[in-house]
Each structure stands twice: as C-alpha cells, then as structure tokens.
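Below is one structure, written out as structure tokens; the observations come after it.
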Amino acid sequence: MPDDRTNPENRPSPDALLEHAEREGRGRLRIFLGAAPGVGKTYEMLLAGRARRVDGVDVVIGVVETHGRRETQALVDGYEVIPRRKVEYRGRTLDEMDIDAILKRRPSLVLVDELAHTNAPGSRHPKRYLDVQEILTQGIDVYTTLNIQHVESLNDVVAQITRVRVRETVPDSIIDEADDIEVIDLTPNDLIKRLHEGKVYFPQTAQRAIENYFSPGNLTALRELALRRTAQRVDEQLLSHMQSHAIPGPWAAGERVLVCVDSRPGGAARIRYARRLADRLRAPWTALHVDTPRLAGMSEEDKDRLAKNLRLAEQLGAEVTTIPGQNVAQDIVRHATANNFTHIVIGRPTRSRWRELIEGSLTYDLIRNAGDISVHVISGTERDEQTPSTRVKAATEKKPFQVWPYLLATAYVAGGLAVSSVLDQFLDVRNLAIVLLLSVLTAAVTCGLWPALYACFLSALGFNYFFLQPRYTLTIRDPESIVAFAVFLVVAVIASNLTARVQRQAVAARSRARATQDIYSFSKKLAGAGTLDDVLWATAFQIASMLKVRVVLLLPEDGTITVKAGYPPDDTLAEADIAAARWAWEHDRPAGRGADTLPGAKRLYLPLRTGRTAVGVIGLDNDKQGPLLTPEQQRLLDALADQAAVAIERIQLVADVDRARLAAEADRLRTALLTSISHDLKTPLAAIMGAAGTLRDYAAALPEKDRADLLSTVVDESERLNRFIANLLDMTKIESGAMEPNYAFHYVGDIVGSALDRARKITGEHRIDTNIPPDLPMLRLDPVLFEQALFNLLDNAAKYAPPGSTIRLQGWVDNGSVILQVMDEGPGIPPDDLERIFDTFYRVRKRDQVRAGTGLGLSISRGFVEAMGGTISAANRTDRPGAIFTIRMPVPADSPDMSDARMDHTA
C-alpha cells in the first residue's frame, strides 16, 4: 500500500522505524505457504527445523499432523514434542496444542502445523493463529504452515475457482505480520502424481479429489494465487526496508504505477491509460492528487472535473491518495520515490509558452526530477466528454448581503482610532499605523475579505484625517507622510487579503472535515447493515440530513422501477415523477427537475450505479424554486450515492449467492434422490423380479425348501422396498411442513418394544440389550412417529455394526427430560461426519466402501423427534468402538403418575 512517508532530507522514515521497533522483542514468524494440501509444507517445515537444530537452536514441536505419511513421521522422530492438551467435547476427547506448556518450556523455536485450525470449544483462543500470536509476543520464534485457500481475502476467489468454500480462514494481517514466507511450490502434474501414489489421501478419496478439487486448472489457479500473494508481501517488505534505511527509490524489483490526477481536461484519458499500463505490467497502481493552496480558488467546473476523475480512478481499481503540497512536481517525485513507484503517468503541457516561462511546467519539472522513474507523457485530449443531456443544472450559491460584518469592521476601526488617539501622545505617527493595521486584520479574521477591504480603506481615511499633517483634513502636506500613507494602504490591503484567504481555507477545511466525518459515519452504517431495508433507510436519511432535501429511493422490481424507501417516509410520487424515474433508470441519465429531460417533474432523478452496473434511482426535491443542488452539494451527493450503490449491490450479490446456494442444494437433493431411486430402489425390485420369475417358470421343478427361500426373498425385499418408499414420503412431509403429530401420553418402554418387534428381521444377527426402567414418566408424543424414529436408529445400528455384536437400548430421566440411547459396536462415526450425519441424503461409507441405504433414515428420525419437541444427537462411544444416538424428550408438566397408569394397564 502506498504510504506518504516522504522525507526530503533522505532520513529514515519515522513510521518505518516505528514498525521495526514494534517488532523488537517479538518472535519471528515464518509461514510455509502452499497452493493446496499435499505439496509438502509440513515436510519442508520439519526439514527447516532440523537445520536450525543442527545450528544449536532449541526447537520443539507444538503440533504437527503427519496424516499417516511415513516420510513426515520419520522427520518427526528425534524432535521434542510438547504433549497435547486433552479437551472433552460432545462425548469425544480432542487433542489440542498446549500453549501453556509451550510458554513454560520457552524454546527458541516452535513448529506449529495448520495455522488455520479451529480450536475445540473451551480453549483459550478459538483459532490456532491466535495461539501463535501469543507465542510470538513472548519472544518465541514460530514456523507454521498455511494453504492459500485459508487466507480471508482470497476465500471468495478460491470458492469461485474450486466450487468449495473453506470455512477455516485466517485474516490477511497474519500474512502481513510474517517475517518470512516460503512458498512450497509443486507443479499440478507432480501433485496429481502424489495423489495417485496415495501420498496425500487414501486411494478412493484421492480419486474423488482429482476429479473435483485437484483438477489441473484449479491447481494452476491456486498456485498463481499463492505466488502473487507472496510477491505482494515481499514487495511490502522491500518498501519498508527502503524507508527504514533511507534508501532512495525506485528499486525496480517490481512494477508500480502512479498516475497524477488534477483538474485539467484529459484526466480520464490519463487514468484509463494508467489502468491499461498496470494491467500489462500486472502491477498495482495509485491515483495521486496534490492539494495545493492555489487550488482553493478553482472554478466549480474544475472542482467537478477533479472529483469525477478521482471517482473514475477508484471505480477502475486504483488506490486514490491525496497529499498536501506546495511544489507539485517535487511532491509527486518525493511520494513516488518514497513508495518505490517505477512509472509515473502525466499529461502533456497545456499552458502557453509564456505562462510556462513565468510559472514553470509541471510536466518538464517532473521529467527533470524523476531520476530513474519512467515518466509517461500522454495526450490530454478527452474523447468522452459528457454530452449536454447528461448534465444537471446547478443551483447558484446566493449569499444575501449582510450589513453586520461591515458594522463590526467599522467598530474595529473606531476602536483602533480610539487607541491610536491615546497612543498619539507617546508614539510617532508611523507606529500608530500598526494599531490600525491590527484592526484591519481582526476584521479580516472575523468578517471576511470584503469587510476587511472596507476596514482597510476606512482605516486609511482615518489615519490620514486624524494623524497626518495637516490634521482633520484629507490633504497630506509632508512627502514622508504620503509614503507612509501609501505603504499603510498597500500593507493593509495585502494583509487583509492574506488573512481573509487563510480564514476561508480554515472554514473550507472545517467544512471538509465535517463532510468527511459524516461520510465515514455513513460508510460504517452501510458496512454494518445486513438487510436491504437497512441500507436504503440509512441512505435516505443521510442524504436528506446532509443536503437538506427530501429523498426517495427506487429499485428495479418485476421489470419496472419501484419506490423502496424515502425520507420523509410518507412521501409519494406523481405520474410525472414516476415517468422521469423510469426514464432515468432505462437510459442511465439524470431526468426531472434541473435536467434536460422531463424538467417538469417535481424531483430530480439520478441513477445509482457502481462500476459494474446500475442498481437503482435516487429522487431529490425541496421547497425552493429552480435547480436543486449547488456544485459542492452535487459532489457530496456523488460520494454518498457511490457508497450507497456499492452497499446495495453487496446486499443483492449476497442474496444472489444465497439463491444460487439454495438452487445448488436443490440440485444436489434431486441428484441424490435420482441416485437413490436408480440404485437403492432398483436393487430390491431386481431381487423381487428375479425370485418371482424363477417361481413362475420353475415352481414345479423346485424343491419345497427352495420355493420357500424364494418366497421369503420376495417378502423381505418387498418390505425393504416399502421402507424406502415410506422414508421418501416421510421426508417429503417433513420438508413441506405437512407433518402434524397426533399427540397422546405414552410409556416409552411400550414404543421401544414395538420398534424392536418390527425390526426383528433387520437385527436378527445382533444381540439386543435393553434397559428401560418401568418408572419412566409418560411423554406426550405421537407413537407412530416415535416408533419410526427408533426403527430407523435400529436399522442404522444393524447396518453398520458387525454380525454378532450387541445393540443396546437404555433410558433414564435427567433434569426434567427422558433420555433414550441407542448404542452399537460398529466402527463409529468419522469425526468429520458428526455434524452432517443427520443431513438429508448424507450417508457415511461402510468399511467395504459401499454406501448403505438412501441416507434418509437419520434425517427422518431427527425430523420426527424435533417435530415432537425433542432433540437427537450423535456421538462416538468412549469405552469401545461404536456410535451413540441420544434422544432427549421433555417431560410434560401434566404427565400422569406412572404407578396409576401401570395399575390401569394391568386391570
């Protein structure tokens, strides 16, 4: 980022030295950055750590994930490894880096893998990069690894390239704080070869990764992102080094483009040329404006042109910088040298030859002083001047004539004359002029230029009348008095003019500061707005309060433009205004009051647009006659409208992303459903058709036992098919909101017994162990839905647990709820699948890598349980391998007494 750390004496930049001083006492951070998993970041980090150990550095491992790779594990051997901290979370024990143990051990260097890792809940910091920052503050060096997709600012770009959004990210400030970044680069072909060899993932996972995330195109794009982000950081380090050591630039290690923006015609052409040059060089570029005192007297047309050029540069992607200065050429060169710019874009001279001889030429001065910086002088011809139809007539700022400043100036002069009359007895007449001059300066500071000039001539007349010989006349006898009078008059005029100019600049500076503060506050409001209504309301209120106008905001809807917000809120539009607003939207030009199109409308309508597209229309009006806004107000409106348009576009893009996500999710569900129908439903149908066909053709020739087996196959597969269809219908009811439980009080043990009877065939190869206390309170639930939920859990347990294992059902009362658990002795649930196992059509792979079922059973169980007011969760067993599904149902306050219910049931 360009920084105005200019220093004409070639001394080190104070800001750069301050940054260097802030790093003193901190540990050094080295990031091993990769374009994708599997490029060898952890391996290279361990090799670098071994090299430091050979040099006698105390190196320990804070956390390293080998992912089962033998080569990486071999490098870990021999290191001192800080034991990890155990964290209990949802019935599981997680291993996390023990930051307290590292700080107590205080090594010189600690190796920390996977910087973007999210720590388990209950840890000191939610993210691992925060752990690393605390270690650095204690003066301990850190080596760490990071993939480019985890950088926050690149998260959207990576998601667009790979179609996969990474949830774990680190802020860009971590990259900026790194002392060293080492890119671990691997060509796409070599990485894909490693995938095929099983050095990154297991073979089946690797094949899916190659087909999706690890395609050659994706890897090439990610590789370029990693190299570019590293080059950006290296460029910043080079700039900081040059500034802290007072090294004059440029060092052409990388290209940087600076375009000079002023109020001269042709500025837009220069800006566009700078953008094209930066694109060709693949370099960052900055638009620089030097604000000098003489620019305060610019015409409104020049101010409009300057504001328009700065807005254009910002829309084209430049970093816009404004610096104060006196000598424009020297200030530009000083800024370019301090920030290592290698190219400066400037327009050709436009002044006449005699004006250049008197005032100098910015272009020639810049070329002479640029040194090793390349200066591009381009034509100042502007080819895209606005046509008259796009202009809006500006209101003139009419300031009514006020008498009180002149009366106040008269009072100052009268006071000066009174004081001079007293001092006349002790001082020479020429010293009295200083007293009167003071009254003129006071009038200039408090009243402005014209009252100051009035006070100047009034003081001159008073000085002549009361103090110059002959007194009490307007004639001057002494030649010295004539000179004194002339000098007094000239000095008074110059001093009043300069003082009034300074006063005007101070007023303008305060006005700009207020406007800047208001715009900054407005931008914060827009940044915090999460809905379109919030953005529109904040925009309407801010524009109305700053410009003292009434505001309406119109956005496109169903092919036309519609009022969405306004201030005051009850404002309405007439037919002429609606026509003007529609014309402004369709033609992307101003219309209505003060414009050349439809000037009879009550309001002025201006298009709201970003650099990408138009997003809406803004309408303005007030109770005055004639044009609405002064040129200064128009520039302020442009700034507010630009921010509002970007905020509106942001909200709309977020909505588009959400719609695209929902559409993608719907497509995924449809694909999964078609897959389920084509495979899971086709399998039992094929078995039924095969068994039935055999019975039809060979029934007479088949032994009785074979016929019975075939009939059993038909029945079993029909029941299986029936379960699949029932699951699909139940899921449809849940997603459509048509599920209405038929509530009644029931004992859970009875429903468990019914579910076990129904699942007897499915669980026939397993041992069933039940522990349901008879005194459990009765629950208000739908027995059919609850039985189906339990049946699906039993089906899932039988599907994943090996034959001969035990499926356990147990229940108890806990804190006002009945807890029911289904436990199996299968392989358990992979940690990455715990949060997704209840998703529709999501299925965990079995050990033989074959998907089982439709992926609807657990989703239906969750839907049924939650529809009855309960919750369901999944976890892994801690005593042995296996999964635990826990249902928690609240006990109603009016639950019947269980002993009475059992007596009634016995009777």
Please step through side-chain contact (heavy atoms from CB on, under 4.5 Å) for the pair Thr694 and Asp706, ending with a clear verdict. CA-CA 10 Å; Thr694 302; Asp706 291 343; over 6 Å; no

Kindly say whether Tyr79 contributes a backbone atom to a donor-acceptor pair with the side chain of Arg50 at under 3.5 angstrom? no

Does Asn876 reach the main-chain N or O of Gly828 with its side chain, forming a donor-acceptor pair under 3.5 Å? no

Closest non-hydrogen atoms of Ala101 and Ile82, given as atom of the first, atom of the second and distance, are CB-CG2, 3.7 Å

Would Val63 and Arg84 count as a side-chain contact (heavy atoms from CB on, under 4.5 Å) here? Give the steps. CA-CA 8 Å; Val63 58; Arg84 301 193 193 183; 3.5 Å; yes

So, for Ile688 and Ser718, which heavy atoms are closest and what is the spacing to 0.1 Å? CD1-OG, 3.4 Å

Between Pro890 and Ser817, what is the shortest heavy-atom contact and its length? CA-OG, 3.9 Å

Report the distance from atom OG1 of Thr763 to atom CG of Asp824, rounding to the nearest 0.5 Å. 12.5 Å

Taking the side chain as every heavy atom from C-beta outward, state whether Val752 and Leu820 have any atom pair closer than 4.5 Å. yes

Does some side-chain heavy atom of Val81 sit less than 4.5 Å from a side-chain heavy atom of Val64? no

side-chain contact (heavy atoms from CB on, under 4.5 Å) between Phe786 and Met889, worked out: CA-CA 11 Å; Phe786 198 78; Met889 298 296 297; 3.9 Å; yes

Side-chain touch Pro774/Tyr747, heavy atoms, less than 4.5 angstrom: yes

Measure across His746 and Leu781 and return the closest heavy-atom pair with its distance rounded to 0.1 Å. CD2-O, 3.7 Å

Roughly how far, to the nearest 0.5 Å, is the OG1 atom of Thr878 from the CD1 atom of Ile884? 6.5 Å

If you measure from CZ on Phe32 to CG on Asp113, what distance do you get to the nearest 0.5 Å? 10.5 Å

Counting N and O atoms only, with roles assigned by atom type, does the side chain of Ser712 sit under 3.5 Å from a partner on the main chain of Ala708, one being a donor and the other an acceptor? no

Indicate yes or no: does Asp95 engage Lys86 in a salt bridge with an N to O separation below 4.0 Å. yes

Any pair counted as salt bridge (Lys or Arg N to Asp or Glu O under 4.0 Å), so long as it reaches residues 882-893, sequence neighbours left out: Asp814-Arg888

Do any N or O atoms from the side chain of His150 and from the backbone of Glu168 form a donor-acceptor pair under 3.5 angstrom? yes

If I take atom OG1 from residue Thr42 and atom CG from residue Leu75, how far apart are they, to the nearest 0.5 angstrom? 10.5 Å

For the residue pair His766 and Thr806, establish whether any side-chain heavy-atom pair is separated by less than 4.5 Å. no

Minimal non-hydrogen separation, Ala120 against Val87, with atom names: CB-CG1, 3.8 Å

Search all heavy atoms of Val865 against all heavy atoms of Ala789 and return the closest pair with its distance. CG2-CB, 4.1 Å

Qualifying residues under salt bridge (charged side-chain N to carboxylate O under 4.0 Å, His left out), relative to Glu114, sequence neighbours excluded: none

Glu765 CD: over 12 foreign heavy atoms closer than 6.0 Å: no

Identify which one of Thr871, Val822, Leu790, Val748 satisfies the side-chain contact (heavy atoms from CB on, under 4.5 Å) criterion when paired with Ile887. Leu790

Arg85 side, atom CZ; Ser123 side, atom OG - distance, nearest 0.5 Å: 4.0 Å

Apply the test side-chain contact (heavy atoms from CB on, under 4.5 Å) to residues Glu825 and Arg808: give CA-CA distance (whole Å), side-chain angles for both, the deciding distance (0.1 Å), then the verdict. CA-CA 9 Å; Glu825 296 179 352; Arg808 179 175 176 80; over 6 Å; no

Taking 4.0 angstrom as the limit, do Asp131 and Arg128 come out as a salt bridge? no

Side chain to side chain, Leu46 and Ile61, heavy atoms closer than 4.5 Å: yes

Does any part of the side chain of Phe885, heavy atoms only, come nearer than 4.5 Å to the side chain of Asn796, both counted from C-beta? yes

Quick check for you: to the nearest 0.5 Å, what is the distance between Leu756 atom CG and Leu809 atom CG? 5.5 Å

State, yes or no, whether a side-chain contact exists between Tyr800 and Ile829 at a heavy-atom distance under 4.5 Å. no

Hey, does Val818 have a side-chain heavy atom less than 4.5 Å from the side chain of Pro777? yes

Whether Thr144 side chain and Val112 backbone form a donor-acceptor pair below 3.5 Å: yes

